[in-house]
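These notes concern the structure reproduced below.
The sequence lines fix the lettering, A, B, ..., with proteins before strands; numbering per chain opens at 1.
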Amino acid sequence: GDSVTQMEGPVTLSEEAFLTINCTYTATGYPSLFWYVQYPGEGLQLLLKATKADDKGSNKGFEATYRKETTSFHLEKGSVQVSDSAVYFCALIQGAQKLVFGQGTRLTINP
Amino acid sequence: NAGVTQTPKFRILKIGQSMTLQCTQDMNHNYMYWYRQDPGMGLKLIYYSVGAGITDKGEVPNGYNVSRSTTEDFPLRLELAAPSQTSVYFCASNFEQPLTRRTFFGQGTRLTVV
């Protein structure tokens with residue numbers, strides 16, 4: 001079945017560092033891809049999405065490009081802030097509208 | 001516009017007790033979902049519904065039941081609580097149109113079974 005694999009965490013960076021969180025997927029068709037973020041004590045919020053190959057989703061300085069050839073959707077940010085500390089989930093949706101999540105990557109940014 | 005509302009936010013159950021987690025959405029979404037999130041793991045789908053009167057099992061349905069009598073409400077029932085059901089539960093909803101596949105989540109219910 002469909003699956004999503006994220007890089008293992010936790011990830012700890014200093015403020016203003018460059019961030020990459022890897023995400024690869026396995027799917028039979030052409031899924032839509034998402035990054036969700038979960039701040040401490042809160043539910044999941046959509047961070048960005050891409051619905052077809054070569055689309056780039058972006059929001060709050062984060063970007064991810066839908067790469068069909070490598071089945072990847074890596075999350076990047078050029079300069080992270082302490083407020084970016086959260087758990088990040090890569091996910092896909094296809095067919096019956098069910099989101100399939102990766103295991104999540106906990107990100108901690110130190111001042 | 002409240003979005004997806006879950007109650008309660010926290011609950012401690014004893015083994016063998018039962019409870020219902022409530023979920024309601026005011027966005028007229030057809031699709032609703034229940035996920036559980038175990039520590040260090042991604043979200044696993046328990047049950048989902050594509051509309052009032054229609055429900056189906058997800059990846060981890062054992063020990064749970066759901067009903068969908070209205071578009072707005074999608075309660076999750078635990079009949080005989082077990083320690084393995086200690087988790088954070090999230091309700092979610094979205095439209096059925098593919099181009100608007102944004103899923104909205106509730107804030108979660110932290111359940112501990114002792």
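- Under a hydrophobic-cluster definition in which Ile, Leu, Val, Met, Phe, Trp and Tyr are linked whenever side-chain heavy atoms come within less than 4.5 Å, directly or via other members, B:Phe74 and B:Val88 are assigned to different clusters.
- B:Phe90 and B:Tyr64 are members of different hydrophobic clusters when ILVMFWY side chains are connected at heavy-atom separations under 4.5 Å.
- Note on B:Trp34: it does not cluster hydrophobically with B:Met27, by side-chain heavy-atom contacts below 4.5 Å among ILVMFWY residues.
- What you find for A:Tyr36 and B:Thr103 is that their closest heavy atoms are OH-O, 3.0 Å.
- Neither the backbone nor the side chain of B:Glu59 comes within contact range of chain A; no heavy atom of the residue lies under 4.5 Å from a heavy atom of that chain.
- Within the structure, disulfide bond (SG atoms under 2.5 Å apart) contacts touching residues 12-66 of chain A (residues at least two apart or in different chains) are A:Cys23-A:Cys90.
- Scanning residues 105-114 of chain B against chain A with a 4.5 Å non-hydrogen threshold yields B:Phe105, B:Gly106, B:Gln107, sorted by number.
- By a heavy-atom distance cut of under 4.5 Å, not one residue of residues 68-77 of chain A is near chain B.
- Here the closest heavy-atom approach between residue A:Phe89 and residue B:Gln37 is recorded as CZ-NE2, 3.0 Å.
- Residues from residues 78-86 of chain B never place a non-hydrogen atom less than 4.5 Å from a non-hydrogen atom of chain A.
- Within a 6.0 Å radius of CD in A:Glu15, more than 12 heavy atoms belonging to other residues, nucleotides or ligands are found.
- B:Ile15 CD1: more than 12 foreign heavy atoms inside a 6.0 Å radius.
- Proximity of a side-chain donor or acceptor of B:Tyr35 to a complementary backbone N or O of A:Leu99 within less than 3.5 Å is detected.
- A:Val37 and A:Val4 fall within a single hydrophobic cluster, where Ile, Leu, Val, Met, Phe, Trp and Tyr side chains are chained together by heavy-atom contacts under 4.5 Å.
- The part of A:Gln38 that comes within reach of chain B is its side chain, from C-beta onward, which places non-hydrogen atoms under 4.5 angstrom from that chain.
- Cluster membership for A:Phe101 and A:Val87, using ILVMFWY side-chain heavy atoms within less than 4.5 angstrom, is shared.
- Contact annotation for B:Leu43: both backbone and side-chain heavy atoms come within less than 4.5 Å of a heavy atom of chain A.
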